[in-house]
Each structure stands twice: as C-alpha cells, then as structure tokens.
Amino acid sequence: MKPTAPVYVGTPLIGDEARFLRALAQRFARSEHLILANFLLGDQQIDFVLVKPTRTSLIELKNFPRAVFGERNGDWEYLDASGTKVRYAGGNPYHQTLKQKFAL
C-alpha cells in the first residue's frame with residue numbers, strides 16, 4: 001500500500017474548512033502531493049496550498065451559500081436569505097489572494 005501523502009495543518013480546521021481538506025486529500029489520494037492548511041505566513045493567513053511535482057496551487061476557501069457578485073477591484077456582494085445584495089465584509093477576495101500569493 002502506498003503511504004499517505006503528508007498534510008500539515010497550522011491551526012485546527014473545523015466546519016467547511018475541515019470538509020474541504022478531507023475532499024482535497026481524497027481527490028489527490030493517488031498522486032504525489034503535499035497539502036499545507038490553515039497557516040500564517042507573515043501577516044497573511046493561508047487557507048490551503050497544494051504542492052504537486054509540476055505545480056503549486058494556492059486555494060482561498062470562501063463558502064458563500066448564494067450568488068456572489070464582484071470584480072478584481074472593488075467590493076464584493078452576495079445574496080442573503082431574503083435575496084437582498086449584501087456587501088461582503090471580508091474585503092475583496094481577489095486582493096486577499098493576491099497578497100497571499102506574493103507572501104508565498
């Protein structure tokens with residue numbers, strides 16, 4: 001039996017992040033890889049990094065239950081339970097991921 005690929009977790013994962021990590025590990029179970037999850041790099045919190053022999057992927061997990069609207073620049077909005085557009089308080093996810101990319 002092939003050994004399990006390493007998964008390194010910085011701080012505990014719960015809820016959606018834990019489910020995503022499980023799905024990610026299962027998806028790549030038959031390939032050579034390394035998963036880094038939920039860690040700080042400088043002042044940037046990184047959700048997931050998937051390292052494979054040919055590439056590395058940065059994954060910023062967002063769990064919006066409904067439609068999301070936004071561009072690379074500016075505020076993002078999502079539909080709340082009533083169908084009203086609400087400004088996403090977490091800042092621009094594209095800019096957040098770009099900062100994380102450069103930190104890596």
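The analysis underlying the following values was restricted to heavy atoms, covering all of them including side chains, and did not include hydrogens, waters or symmetry mates.
N92 is linked by a side-chain contact (heavy atoms from CB on, under 4.5 Å) to W76, Y94, H95, counting only residues two or more places apart in sequence or in another chain. Residues meeting the salt bridge (charged side-chain N to carboxylate O under 4.0 Å, His left out) test with D80, sequence neighbours left out: none. Under the salt bridge (charged side-chain N to carboxylate O under 4.0 Å, His left out) criterion, R22 pairs with no residue, sequence neighbours left out. Judged as a salt bridge (charged side-chain N to carboxylate O under 4.0 Å, His left out), and not counting sequence neighbours, R72 has no contacts. Judged as a side-chain contact (heavy atoms from CB on, under 4.5 Å), and not counting sequence neighbours, the contacts of A103 are L41, Q44.
Geometrically, K85 engages F69 in a cation-pi contact defined by less than 6.0 Å to the ring centre and at most 45° from the axis.
Taking CG of L24 as the reference point, atom CD of E17 lies at 12.5 Å (rounded to 0.5 Å). With rounding to the nearest 0.5 Å, the separation of OH in Y78 from CZ in R87 is 11.0 Å.
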Please tabulate, for side-chain N and O atoms in residues 53-61, each donor-acceptor pair with protein atoms closer than 3.5 Å (sequence neighbours left out).
{"residue": "E60", "atom": "OE1", "partner": "Q100", "partner atom": "NE2", "Å": "3.0"}
{"residue": "E60", "atom": "OE2", "partner": "K62", "partner atom": "NZ", "Å": "3.0"}
{"residue": "E60", "atom": "OE2", "partner": "Q96", "partner atom": "NE2", "Å": "3.3"}

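No more than 12 heavy atoms of other residues, nucleotides or ligands sit less than 6.0 Å from atom CZ of R27.
Under the 3.5 Å distance criterion, the side-chain polar atoms of N38 are left unmatched by any main-chain donor or acceptor of V9.
With ring centers used as reference points, F64 lies under 6.0 Å from Y88.
Residues I46 and V51 are members of one and the same hydrophobic cluster, defined by side-chain heavy-atom contacts under 4.5 angstrom among Ile, Leu, Val, Met, Phe, Trp and Tyr. Tracing side-chain contacts under 4.5 Å through hydrophobic residues (I, L, V, M, F, W, Y), one reaches L50 starting from F48; they form part of the same cluster. Linking Ile, Leu, Val, Met, Phe, Trp and Tyr whenever their side-chain heavy atoms come within less than 4.5 Å puts V7 and F28 in one cluster.
A pairwise comparison of heavy atoms in S31 and K52 identifies OG-NZ, 3.7 Å as the closest pair.
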Q: For F20 and L13, run side-chain contact (heavy atoms from CB on, under 4.5 Å): C-alpha distance rounded to whole Å, both residues' side-chain angles, the deciding distance at 0.1 Å, then the answer.
A: CA-CA 10 Å; F20 183 81; L13 296 164; over 6 Å; no
